Student: 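Structure below; questions to follow.
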Amino acid sequence: MSRRASIFDRLALKERVAINQQMKSLGALSNEFRQIDEMRQKLDEMARDQAPSDGVQNAGSLRAAAQLNFQIRVQLETASNRSEHLAEELQHMRQRIAQSDRRREKSTKKADALRAKARNDRDAKREDDEASRRRNQPR
């Protein structure tokens with residue numbers, strides 16, 4: 001029985017290692033998500049600040065402003081898409097961590113149950129042996 005229990009202990013340990021690796025990945029993804037979100041917010045502010053002024057402007061300055069505004073919008077769209085993708089990836093990573101944790105708990109409980117059963121079996125056998133020795137002893 002202890003061999004089966006050790007197998008479940010190893011499975012629990014393997015899940016714990018996987019959880020640790022996933023937590024490191026989750027931290028990196030969270031950090032990247034935060035950076036992308038900050039960049040997206042800055043681009044959004046820049047896009048709002050690109051409103052044309054009320055002064056006299058020539059065609060060249062209008063064209064340059066329009067091109068800059070277009071580039072800001074493209075980068076803003078890219079950052080928004082990346083942010084959405086990272087949010088989904090973070091959600092999936094959290095789900096995988098939760099699943100791994102449930103598997104680890106299940107393996108740990110199974111190993112504990114096997115050890116308890118083996119301990120109970122040993123105790124029952126010892127009690128039976130002691131009872132049979134007492135019956136067989138001459139008085």
Side-chain angles (χ1 to χ4, degrees):
M1 288 289 186
S2 67
R3 180 180 167 117
R4 279 189 69 203
S6 71
I7 289 172
F8 285 108
D9 283 334
R10 282 187 243 144
L11 283 173
L13 183 61
K14 179 182 172 187
E15 290 300 330
R16 186 73 217 155
V17 168
I19 289 170
N20 288 341
Q21 290 173 343
Q22 291 170 343
M23 291 299 284
K24 286 179 185 177
S25 298
L26 181 68
L29 280 176
S30 295
N31 189 29
E32 186 177 349
F33 178 75
R34 185 181 43 77
Q35 289 175 348
I36 291 288
D37 195 47
E38 289 173 3
M39 184 176 70
R40 187 184 55 75
Q41 290 174 357
K42 289 178 185 176
L43 286 170
D44 192 36
E45 289 174 15
M46 288 174 62
R48 279 185 272 146
D49 291 342
Q50 288 297 319
S53 61
D54 291 338
V56 177
Q57 296 179 345
N58 62 19
S61 66
L62 287 174
R63 189 177 307 122
Q67 185 176 9
L68 178 62
N69 192 21
F70 176 75
Q71 289 176 354
I72 289 172
R73 296 285 178 190
V74 167
Q75 288 180 1
L76 180 60
E77 183 181 347
T78 302
S80 294
N81 289 342
R82 181 71 179 146
S83 180
E84 288 174 16
H85 175 73
L86 284 174
E88 290 176 13
E89 198 62 34
L90 284 169
Q91 181 183 4
H92 292 304
M93 182 67 70
R94 287 184 184 111
Q95 288 174 346
R96 287 192 296 263
I97 289 171
Q99 289 171 346
S100 293
D101 195 43
R102 282 193 294 274
R103 285 192 300 266
R104 182 193 58 79
E105 287 178 13
K106 188 176 179 181
S107 294
T108 302
K109 286 180 183 178
K110 182 71 173 175
D112 291 343
L114 287 171
R115 281 194 192 91
K117 184 179 181 317
R119 188 172 39 252
N120 289 341
D121 290 347
R122 280 193 311 268
D123 291 346
K125 186 175 183 330
R126 186 176 54 241
E127 288 174 6
D128 288 346
D129 289 346
E130 288 174 5
S132 67
R133 276 190 229 126
R134 276 188 242 133
R135 262 187 284 140
N136 294 335
Q137 284 182 345
R139 293 188 187 196

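In this chain, numbering begins with 1 at the start of the sequence shown. Just so you know, these numbers come straight off a predicted model, no measurement behind them.
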Student: What is the minimum heavy-atom distance between Ser100 and Ile19, and which atoms define it?
Tutor: CB-CG1, 3.5 Å
Student: Rounded to the nearest 0.5 Å, how far does CD1 of Ile7 lie from NZ of Lys110?
Tutor: 11.5 Å
Student: Judged by atom type as modelled, is there a donor-acceptor pair below 3.5 Å linking the side chain of Ser6 to the main-chain atoms of Arg3?
Tutor: yes
Student: Surrounding CD of Gln67 (heavy atoms of other residues, nucleotides or ligands, distance under 6.0 Å), is the total greater than 12?
Tutor: no
Student: For Leu13, which fellow cluster members are found when Ile, Leu, Val, Met, Phe, Trp and Tyr are connected by side-chain heavy-atom distances below 4.5 angstrom, either directly or through intermediates?
Tutor: none
Student: Charged N to carboxylate O under 4.0 angstrom, Arg126 versus Asp123?
Tutor: yes
Student: Test salt bridge (charged side-chain N to carboxylate O under 4.0 Å, His left out) on Lys42 and Glu38 and set out the steps.
Tutor: CA-CA 6 Å; Lys42 289 178 185 176; Glu38 289 173 3; 5.4 Å; no
Student: For the residue pair Ser83 and Asp37, what are the closest heavy atoms and their distance?
Tutor: OG-OD1, 4.3 Å
Student: Partners of Asp128 by side chain to side chain donor-acceptor pair (under 3.5 Å), sequence neighbours excluded?
Tutor: none
Student: Taking the side chain as everything from C-beta on, heavy atoms only, tell me whether His85 gets closer than 4.5 Å to Asn81.
Tutor: no
Student: I'd like to know whether Gln75 forms a side chain to side chain contact (heavy atoms under 4.5 Å, CB included) with Met39, so could you lay out the CA-CA distance, the side-chain angles of the two residues, the decisive distance to 0.1 Å, and finally the verdict.
Tutor: CA-CA 9 Å; Gln75 288 180 1; Met39 184 176 70; over 6 Å; no
Student: What's the separation between atom CD1 in Ile36 and atom CZ in Arg34, rounded to the nearest 0.5 Å?
Tutor: 11.0 Å
Student: Where do Glu89 and Arg96 come nearest, in terms of heavy atoms and distance?
Tutor: OE2-NH2, 3.7 Å
Student: Once rounded to the nearest 0.5 Å, what's the spacing between atom CE of Met46 and atom CG of Leu43?
Tutor: 6.0 Å
Student: Could you state whether Met23 and Met93 fall into the same hydrophobic cluster, counting links through intermediate Ile, Leu, Val, Met, Phe, Trp or Tyr residues with side-chain heavy atoms under 4.5 angstrom apart?
Tutor: yes
Student: If you compare all heavy atoms of Ala111 against all heavy atoms of Ala5, which two are closest, and at what distance to 0.1 Å?
Tutor: CB-O, 3.5 Å
Student: A side-chain contact here means heavy atoms from C-beta on lying under 4.5 Å apart; do Gln21 and Val17 qualify?
Tutor: yes
Student: Can you tell me how far CG of Asp101 sits from OG1 of Thr108, rounded to the nearest 0.5 angstrom?
Tutor: 9.0 Å
Student: Could you check if a side-chain atom of Glu15 sits within less than 4.5 angstrom of a side-chain atom of Leu11, using non-hydrogen atoms only?
Tutor: no
Student: Could you give the distance from CZ (Arg119) to CG (Asp112), rounded to the nearest 0.5 Å?
Tutor: 8.5 Å
Student: Given Ser107 and Arg104, is the side-chain hydrogen bond (donor to acceptor under 3.5 Å, both in side chains) satisfied, shown in steps?
Tutor: CA-CA 5 Å; Ser107 294; Arg104 182 193 58 79; over 6 Å; no
Student: Give me the one residue out of Gln41, Arg48, Arg40 that meets side chain to side chain donor-acceptor pair (under 3.5 Å) with Asp44.
Tutor: Arg48
Student: Go through Arg16 and Asn20 one step at a time and tell me if the side chain to side chain contact (heavy atoms under 4.5 Å, CB included) criterion holds.
Tutor: CA-CA 6 Å; Arg16 186 73 217 155; Asn20 288 341; 3.3 Å; yes
Student: With a 4.5 Å cut-off on side-chain heavy atoms, are Arg82 and Thr78 touching?
Tutor: no
Student: Test your reading of the model: is there a side-chain donor-acceptor pair from Ser30 to the backbone of Leu26, 3.5 Å cut-off?
Tutor: yes
Student: Quick one: do Arg94 and Ile97 satisfy side chain to side chain contact (heavy atoms under 4.5 Å, CB included)? Show the steps, please.
Tutor: CA-CA 5 Å; Arg94 287 184 184 111; Ile97 289 171; 5.5 Å; no
Student: Assess whether side chain to side chain contact (heavy atoms under 4.5 Å, CB included) is satisfied between Lys117 and Asp121, documenting all intermediate values.
Tutor: CA-CA 6 Å; Lys117 184 179 181 317; Asp121 290 347; 3.2 Å; yes
Student: Could you check if a side-chain atom of Val74 sits within less than 4.5 angstrom of a side-chain atom of Phe70, using non-hydrogen atoms only?
Tutor: yes
